[in-house]
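Along the sequence shown, residues carry numbers from 1.
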Amino acid sequence: DPIAVERATMQANFLETLLHEVAHSFDRAHRVHRGRWHLDDSVKDERFAERKAAEWFETAVHPHLNRRGVRRAEGDI
């Protein structure tokens with residue numbers, strides 16, 4: 001069903017973006033606060049957010065979507 005695949009892809013994209021922004025918030029609240037690095041190092045900031053979002057997506061969101069029977073188009077996320 002093309003509509004179901006499109007919906008699943010949109011859900012996954014939304015959740016991945018949300019996780020990316022949560023990772024930025026986590027970084028600012030916990031890692032930078034401890035002096036790990038300054039947020040003016042935007043490359044490190046983005047790499048951290050991308051890495052954490054991917055990790056959280058694979059360990060939490062992807063299994064959840066699979067349990068719900070949500071399937072995405074090949075090559076998505």
Side-chain angles (χ1 to χ4, degrees):
D1 177 15
I3 293 175
V5 170
E6 186 175 316
R7 180 180 295 152
T9 300
M10 289 176 61
Q11 287 175 343
N13 288 342
F14 167 77
L15 291 169
E16 186 175 47
T17 300
L18 178 62
L19 289 175
H20 181 92
E21 296 309 317
V22 169
H24 279 303
S25 180
F26 176 84
D27 195 16
R28 286 181 183 93
H30 298 282
R31 291 164 45 88
V32 174
H33 178 70
R34 294 188 332 230
R36 173 89 186 235
W37 58 61
H38 295 291
L39 275 182
D40 45 345
D41 191 344
S42 62
V43 173
K44 282 185 180 178
D45 188 36
E46 277 306 306
R47 276 194 307 225
F48 175 81
E50 289 168 3
R51 194 171 55 248
K52 290 307 282 184
E55 175 188 327
W56 293 337
F57 190 92
E58 287 305 315
T59 60
V61 175
H62 195 243
H64 170 73
L65 294 175
N66 282 339
R67 282 191 301 275
R68 291 185 49 219
V70 174
R71 297 288 180 258
R72 295 171 296 171
E74 192 66 32
D76 283 344
I77 304 176

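Nearest heavy-atom pair across Glu58 and Pro63 is O-CD, 3.3 Å. Listed here is the closest heavy atom pair of Glu16 and Ala53: O-CB, 4.2 Å.
With respect to the salt-bridge test (charged N to carboxylate O, under 4.0 angstrom), the residues Arg47 and Glu50 do not qualify.
In this structure, Arg51 and Phe48 have side chains that are in contact, with non-hydrogen atoms separated by less than 4.5 Å.
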Step by step, work out the side chain to side chain contact (heavy atoms under 4.5 Å, CB included) result for Leu19 and Glu55.
CA-CA 10 Å; Leu19 289 175; Glu55 175 188 327; over 6 Å; no
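Under the 4.5 Å side-chain contact rule for hydrophobic residues, Leu15 and Met10 do not share a cluster.
Ring geometry for His30 against Phe26 counts as tilted: the plane angle lies between 30° and 60°, on a 0 to 90° scale.
Put simply, CD on Glu6 and CD1 on Ile3 are 7.5 Å apart, with the number rounded to the nearest 0.5 Å. Here the CG-NZ distance, from Asp27 to Lys52, works out to 10.0 Å after rounding to the nearest 0.5 Å.
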